[in-house]
Amino acid sequence: KDYDDLVQDINLEDITSSEHNANILRLLLNDGQYWNQELYILEDELDGDNDEFIVGEGDDLGWLGYFIGRSEVLQALVVDYLPAEGERMDALMRGITHNQSITKLSIRTDIGDEGFENLGLFLRSENALKYI
């Protein structure tokens, strides 16, 4: 997908499984000031905060990766869960490699071979990462 060409016409409710997740994409898209600039990608809700993206069946992780990659304020990314479908996971990791603001990255799940290749690209790029 060419996300740059499609982003102007995207309906966030069409690419997410919940209004909560759509709101997280809005924060990333608009560089939201009213959140803690951390994002947790989870299988199940922890405390319902606006920093918890709960991966559901309707979530397009390629778009999540795109918005993470374009965010200029996201400081911390914690990946606790990714679905087993490699294509969804790979699309997310490709997007993340474009981010320049993340200072702390924690991956606590299997991201697969291509995910590790993309992570390597991210680690070699000029970015703000200090902690992994």
Side-chain angles (χ1 to χ4, degrees):
K1 291 182 185 180
D2 188 353
Y3 294 101
D4 288 325
D5 288 342
L6 299 171
V7 71
Q8 297 302 322
D9 299 322
I10 198 69
N11 179 350
L12 298 180
E13 284 73 20
D14 291 343
I15 59 169
T16 56
S17 63
S18 67
E19 182 66 25
H20 177 84
N21 285 355
N23 287 335
I24 290 174
L25 294 187
R26 283 186 192 91
L27 288 172
L28 290 168
L29 178 64
N30 299 318
D31 288 328
Q33 302 170 25
Y34 305 107
W35 67 313
N36 63 11
Q37 299 171 340
E38 297 179 357
L39 180 61
Y40 296 82
I41 301 175
L42 305 166
E43 182 175 20
D44 298 304
E45 182 178 307
L46 293 178
D47 51 23
D49 288 344
N50 67 349
D51 60 0
E52 297 178 2
F53 190 96
I54 312 304
V55 178
E57 188 64 36
D59 290 310
D60 185 323
L61 297 183
W63 277 109
L64 176 59
Y66 174 82
F67 289 120
I68 290 171
R70 298 302 181 267
S71 175
E72 296 180 358
V73 298
L74 183 63
Q75 296 292 308
L77 177 62
V78 178
V79 182
D80 266 354
Y81 169 77
L82 290 174
E85 303 97 33
E87 189 173 304
R88 292 177 74 196
M89 186 173 19
D90 295 342
L92 171 69
M93 294 304 294
R94 278 192 304 273
I96 290 172
T97 63
H98 297 285
N99 184 279
Q100 297 294 307
S101 65
I102 293 173
T103 59
K104 181 181 175 187
L105 176 65
S106 177
I107 299 176
R108 301 185 279 209
T109 189
D110 182 9
I111 59 173
D113 292 341
E114 190 171 330
F116 275 107
E117 287 177 31
N118 285 313
L119 180 59
L121 293 173
F122 178 67
L123 295 174
R124 287 190 299 271
S125 69
E126 295 292 324
N127 58 48
L129 190 64
K130 295 179 183 171
Y131 305 100
I132 187 164

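Excluded from the calculations below are hydrogen atoms, water molecules and symmetry mates; all remaining heavy atoms, backbone and side chain alike, are included. Keep in mind that this is a model prediction, so the values were computed, not measured.
- Looking at every heavy atom in both residues, Ile107 comes nearest to Met93 through CD1-CE, 4.2 Å.
- Taking each heavy atom of Ala128 and Gln100 in turn, the nearest pair found is CB-O, 3.4 Å.
- Between Leu42 and the options Val78, Val79, Ile54, a side-chain contact (heavy atoms from CB on, under 4.5 Å) holds for only Ile54.
- Put simply, the side chain of Asn99 gets close to the backbone of Ser101: a donor and an acceptor are under 3.5 Å apart.
- For the pair Thr97 and Asn118, the tightest heavy-atom approach, listed with the atom from each and the gap, is CG2-O, 3.0 Å.
- The local environment of CG in Asp47 is crowded, with over 12 non-hydrogen atoms from other residues, nucleotides or ligands closer than 6.0 Å.
- Across every non-hydrogen atom of Tyr3 and Ala91, the tightest pair is OH-CB, 4.5 Å.
- Exactly one residue among Leu27, Leu25, Ile24 makes a side-chain contact (heavy atoms from CB on, under 4.5 Å) with Phe67. That residue is Leu25.
- For the pair Thr103 and Leu129, the minimum side-chain heavy-atom distance is 4.5 Å or more.
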Exercise for review: With side-chain hydrogen bond (donor to acceptor under 3.5 Å, both in side chains) as the test, would you mind laying out the steps for Tyr40 and Asp49 before giving the verdict?
Suggested key: CA-CA 10 Å; Tyr40 296 82; Asp49 288 344; over 6 Å; no
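- Contact detail for Pro83 and Tyr81: the closest heavy-atom pair is CA-OH, 3.6 Å.
- In this structure, Thr16 contributes its side chain and Leu12 its backbone to a donor-acceptor pair below 3.5 Å.
- Contact detail for Asp80 and Arg108: the closest heavy-atom pair is OD1-NE, 2.6 Å.
- Under a 3.5 Å cut-off, the side chain of His20 and the backbone N or O of Glu52 do form a donor-acceptor pair.
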Exercise for review: Apply the test side-chain hydrogen bond (donor to acceptor under 3.5 Å, both in side chains) to residues Asn21 and Asp59: give CA-CA distance (whole Å), side-chain angles for both, the deciding distance (0.1 Å), then the verdict.
Suggested key: CA-CA 8 Å; Asn21 285 355; Asp59 290 310; 3.1 Å; yes
